[in-house]
Number of protein chains: 2
Amino acid sequence: MKREKSVHPKADALYINKLNKIKVLGLIRETGPVSRANIVKVSGLSAPTVTRIVDGLIHDEKLVVEVGMGSSSGGRPPLLIKFNGEQNYVIGIDLGATFTRGALSNLDGKFIKEIRIPTRLESGFNAIMEDLSDLINRLSIGNTRVRKQRIFGVGIAVAGLINKRENLVEYSPDFDWYNVDILIALEKSIEFPVIFDNVTRLMALGELSYGAGQKLQNFICVNVGYGIGAGIIVDGKLLMGADGFAGEFGHITVETDSDIQCSCKKYGCLEALASGRAIALTARSRLARGQSSLLVELCEGDVDKVTAKMVADAARNGDELARNVFYRAMEYIGIGISNLANIFNPELVTIGGGVSLAGDIFFDNIRKSVDKNIMQPTSRKVEILPVAFGENAALMGAFALILHRVLNLDI
Amino acid sequence: MKREKSVHPKADALYINKLNKIKVLGLIRETGPVSRANIVKVSGLSAPTVTRIVDGLIHDEKLVVEVGMGSSSGGRPPLLIKFNGEQNYVIGIDLGATFTRGALSNLDGKFIKEIRIPTRLESGFNAIMEDLSDLINRLSIGNTRVRKQRIFGVGIAVAGLINKRENLVEYSPDFDWYNVDILIALEKSIEFPVIFDNVTRLMALGELSYGAGQKLQNFICVNVGYGIGAGIIVDGKLLMGADGFAGEFGHITVETDSDIQCSCKKYGCLEALASGRAIALTARSRLARGQSSLLVELCEGDVDKVTAKMVADAARNGDELARNVFYRAMEYIGIGISNLANIFNPELVTIGGGVSLAGDIFFDNIRKSVDKNIMQPTSRKVEILPVAFGENAALMGAFALILHRVLNLDI
DNA sequence: AAACTTTCTAAAGTTATGTAATTTATTTGA
DNA sequence: TCAAATAAATTACATAACTTTAGAAAGTTT
């Protein structure tokens with residue numbers, strides 16, 4: 001099953017209209033309450049065209065509403081319109097190995113209802129899908145103000161390799177899934193359109209739709225948690241790759257002759273050296289060798305309970321062992337990000353995921369490493385910031401996934 | 001000077017016509033002599049529309065010609081048309097540190113005339129620009145069959161960092177140029193449109209337009225010569241980055257604590273460890289330490305004369321030192337390519353540049369390293385092949401640069 | 001030679017856009 | 001206070017490109 005060579009779709013009158021509709025809707029969404037006259041100015045479209053398109057968006061799609069009059073500047077006052085985010089909804093799911101979080105949100109990204117359930121990891125795929133289906137149904141009912149018809153769909157963020165050609169989760173180490181079909185599993189019980197994608201890519205998509213992407217079109221969103229991944233935005237579009245596997249940033253090699261094996265079986269992967277799991281494992285093995293450290297207290301004597309968070313905490317308190325381990329991991333991440341930056345020339349790199357919650361000790365060390373390893377041709381500097389939405393990043397991405405589908409943002 | 005957020009241009013009747021024209025022209029170019037009826041089938045456009053568009057391409061743009069009748073399949077025989085590559089021309093320049101090659105070619109990529117001059121590297125930017133202007137003028141005259149009006153422009157491939165926002169060569173280590181303006185330097189004496197870009201990116205563009213790109217839309221073209229770079233094709237488009245610096249593959253870090261410094265001042269860059277220059281330097285330093293090797297004969301006793309080519313030749317003949325040096329370099333390149341593949345999920349990686357001319361010893365070792373370092377989720381395998389046009393790759397890219405402009409391929 | 005096929009073109013109808021004129025609602029100024 | 005000026009939104013009409021339908025052109029088949 002080869003992907004078709006991407007060609008522009010057949011262009012006819014309807015296609016023009018669709019293009020212009022998308023353009024107008026995008027402008028309304030971005031520039032908030034705005035007059036038709038203003039849209040005429042920035043869109044380059046003629047006034048009658050804008051009027052007609054806006055009418056359609058108000059009465060047919062119901063994605064736009066009038067919000068009253070603006071102030072006159074010496075003539076007829078403008079009728080302001082805005083994106084009708086508040087009366088249109090999406091459901092987002094962050095399917096994690098320990099918890100599954102679901103949220104009903106309006107199209108402005110505002111949470112209406114949120115449910116969090118433990119993930120029955122051991123019970124297998126079918127059990128998890130049943131829980132998921134319950135969760136979605138619970139989110140979609142019980143709120144009188146949310147009309148079911150205005151729920152556009154369900155976006156699901158999954159950790160793992162997503163095969164976009166076949167629409168399968170090809171491999172998920174966290175869940176130990178191989179080629180599972182989420183869509184088929186849910187289609188009987190869910191009446192909304194369901195779309196899923198890799199959690200890290202969705203973080204990037206969320207950032208694109210609700211965060212940094214409002215201004216930037218080339219940036220990278222890195223996830224440093226139990227594993228490591230990257231969502232890459234090129235010219236305002238998510239990088240997918242030929243099969244949809246793009247962004248496996250955790251499995252780039254940053255140490256040539258490393259003897260540390262990754263969960264992917266390779267040696268010297270960034271994920272094997274710098275992920276939350278790697279940080280914990282490295283600290284544990286050092287402790288097991290008998291080195292003294294604050295960590296012994298933090299884990300209450302049970303070395304196997306040491307987590308990346310503990311290592312970060314101990315490092316922040318000046319613990320020698322923890323510092324060595326944590327700083328080294330940040331150096332590797334900095335190298336990885338520098339590599340991405342040299343290849344992509346992005347304007348910004350945002351970082352999210354559990355380990356990033358360590359804060360300054362995390363970002364400062366990464367920035368130091370990036371400064372050392374990036375090729376800086378001139379005064380250009382790549383900004384490195386936390387993701388806009390913290391632990392909600394994946395959910396925001398799931399919203400954005402549906403939003404994109406609704407707004408037809410990717411022609 | 002910020003780049004505008006990329007929005008679809010205003011869509012009106014003229015715009016759909018342009019879109020469809022591009023589509024039809026593309027189909028004609030790809031499917032060779034073809035009937036209007038056939039274009040109707042694959043394009044999805046109606047027959048009258050195809051007739052009208054083809055008429056325009058024949059009589060107005062003169063980019064298409066009729067080439068006679070096809071054979072009937074039980075009805076009126078088709079009138080075959082094809083892309084008029086033969087009567088439309090481009091000039092391509094490969095501006096190298098030692099030689100400058102220029103070629104006049106038709107739009108099918110067939111060379112009409114070729115000139116090669118030594119590059120007066122020491123004489124500075126202005127002298128080189130004068131030589132370049134002479135070269136272009138010599139290419140554009142003296143052929144009675146080539147009408148000057150049908151020469152669409154000049155594409156120039158330059159080694160170095162190209163700032164696309166300002167249209168400058170921001171930095172070229174080979175030429176020691178900082179922020180030079182090629183367009184201004186040439187505009188007085190050259191009457192054709194001039195466009196330039198990074199040599200490696202152009203190799204990729206050439207591959208896209210005349211080589212692998214006929215079938216693939218996601219691939220990477222790596223250049224391993226004096227330096228190392230990559231041109232990356234994502235969904236049929238060249239990756240540029242926010243400022244146009246994308247593809248600095250040579251400066252990704254592949255060895256964390258390396259003490260080998262790169263020309264970019266960093267340590268552990270791929271280019272510092274595996275470029276032609278690096279291979280030669282490493283071999284020289286080993287020889288200087290007194291290790292015995294075939295290389296001593298090949299360089300006729302003068303260690304400073306050792307080149308990457310000699311190292312490859314000696315390695316091919318079983319020389320121990322040369323093998324160690326060359327194989328190690330290939331291992332690094334394989335790691336670099338694996339990193340690219342993990343991030344981009346391409347269908348193909350092609351490799352060109354001086355060092356790649358070493359042939360099997362080059363490709364076999366790289367493939368071995370890639371097999372070791374790439375994350376292979378399933379049976380998927382990234383193909384690694386030589387570039388389609390060998391030492392002409394950069395010229396083909398320069399042609400493609402103009403071709404793209406002419407055909408408006410990037411809306 | 002008549003009927004059938006296939007290719008290409010012409011005429012008429014559709015759709016969405018743009019231009020120009022018009023309506024609407026407010027501010028400005030005599 | 002009320003007409004003139006100004007700005008926003010709409011209506012009416014012209015335009016451009018597409019599609020559908022119909023038909024002409026140029027072969028093959030029976």
Side-chain angles (χ1 to χ4, degrees), chain A residues 8-25 27-28 31 33-61 64-82 411, chain B residues 8-25 27-28 31 33-61 64-82 411:
Chain A
H8 273 280
K10 185 178 70 170
D12 56 8
L14 275 89
Y15 182 69
I16 309 188
N17 183 241
K18 185 175 174 187
L19 243 41
N20 286 333
K21 207 172 223 168
I22 290 168
K23 180 171 200 161
V24 169
L25 184 55
L27 285 171
I28 294 173
T31 52
V34 62
S35 67
R36 290 168 180 77
N38 221 307
I39 296 173
V40 168
K41 277 179 205 127
V42 292
S43 70
L45 294 165
S46 67
T49 298
V50 170
T51 291
R52 188 176 33 75
I53 288 177
V54 168
D55 275 6
L57 289 171
I58 292 178
H59 298 113
D60 302 342
E61 282 90 351
V64 167
V65 283
E66 285 196 333
V67 289
M69 273 185 180
S71 55
S72 160
S73 59
R76 174 175 174 174
L79 294 166
L80 298 181
I81 50 179
K82 75 172 188 69
I411 288 275
Chain B
H8 273 280
K10 184 179 70 172
D12 55 8
L14 275 88
Y15 180 71
I16 49 177
N17 180 242
K18 184 177 174 185
L19 244 42
N20 286 332
K21 206 171 223 169
I22 290 169
K23 182 173 198 160
V24 168
L25 184 55
L27 285 171
I28 294 172
T31 52
V34 63
S35 67
R36 288 169 180 77
N38 220 306
I39 296 172
V40 169
K41 276 177 206 129
V42 292
S43 70
L45 294 166
S46 67
T49 298
V50 170
T51 292
R52 189 174 33 74
I53 288 177
V54 168
D55 275 6
L57 289 171
I58 291 178
H59 298 112
D60 302 341
E61 282 90 351
V64 167
V65 283
E66 285 197 331
V67 290
M69 274 184 179
S71 56
S72 161
S73 60
R76 174 174 171 175
L79 294 166
L80 299 180
I81 50 179
K82 75 172 189 68
I411 287 277

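This structure is a prediction, so every number in the text was calculated from the model and none was measured. Numbers restart at 1 for each chain; the letters A, B, ... are given by sequence-line order, proteins then strands.
Distance OH (A/Y15) to P (D/dA17): 17 Å, rounded to an integer number of Å. If you measure from atom CG of B/L14 to atom C1' of D/dA16, you get 7 Å, rounded to the nearest angstrom. If you measure from atom CD1 of B/I16 to atom P of D/dT15, you get 17 Å, rounded to the nearest angstrom. When rounded to the nearest whole Å, the span between CD1 of A/I39 and C1' of D/dA9 equals 12 Å. Between the CE atom of B/M69 and the C1' atom of D/dG27 there is a distance of 8 Å, rounded to whole Å.
In this view, A/S46 and A/T49 satisfy the side-chain hydrogen bond (donor to acceptor under 3.5 Å, both in side chains) rule, not counting sequence neighbours. By the side-chain contact (heavy atoms from CB on, under 4.5 Å) test, A/E66 pairs with A/R36, A/I58, A/L79, A/I81, sequence neighbours left out.
Distance CD1/B/I39 to CG/B/L25: 9.5 Å, rounded to 0.5 Å. B/K18 NZ to B/D12 CG: the interatomic distance, rounded to the nearest 0.5 Å, is 10.5 Å. Interatomic distance, B/N38 CG to B/I28 CD1, rounded to the nearest 0.5 Å: 11.0 Å.
At least one side-chain nitrogen or oxygen of A/S46 sits closer than 4.0 Å to the OP1 or OP2 atom of C/dG18.
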Determine, step by step, whether A/V34 and A/L27 satisfy the side chain to side chain contact (heavy atoms under 4.5 Å, CB included) criterion, reporting the C-alpha distance in whole Å, the side-chain angles of both residues, the deciding distance to 0.1 Å, and the verdict.
-> CA-CA 9 Å; A/V34 62; A/L27 285 171; over 6 Å; no
Let me have a per-nucleotide readout for nucleotides 3-14 of chain C, 5' to 3', with B, S or -, counting only protein heavy atoms under 4.0 Å.
-> --BBBSBB----
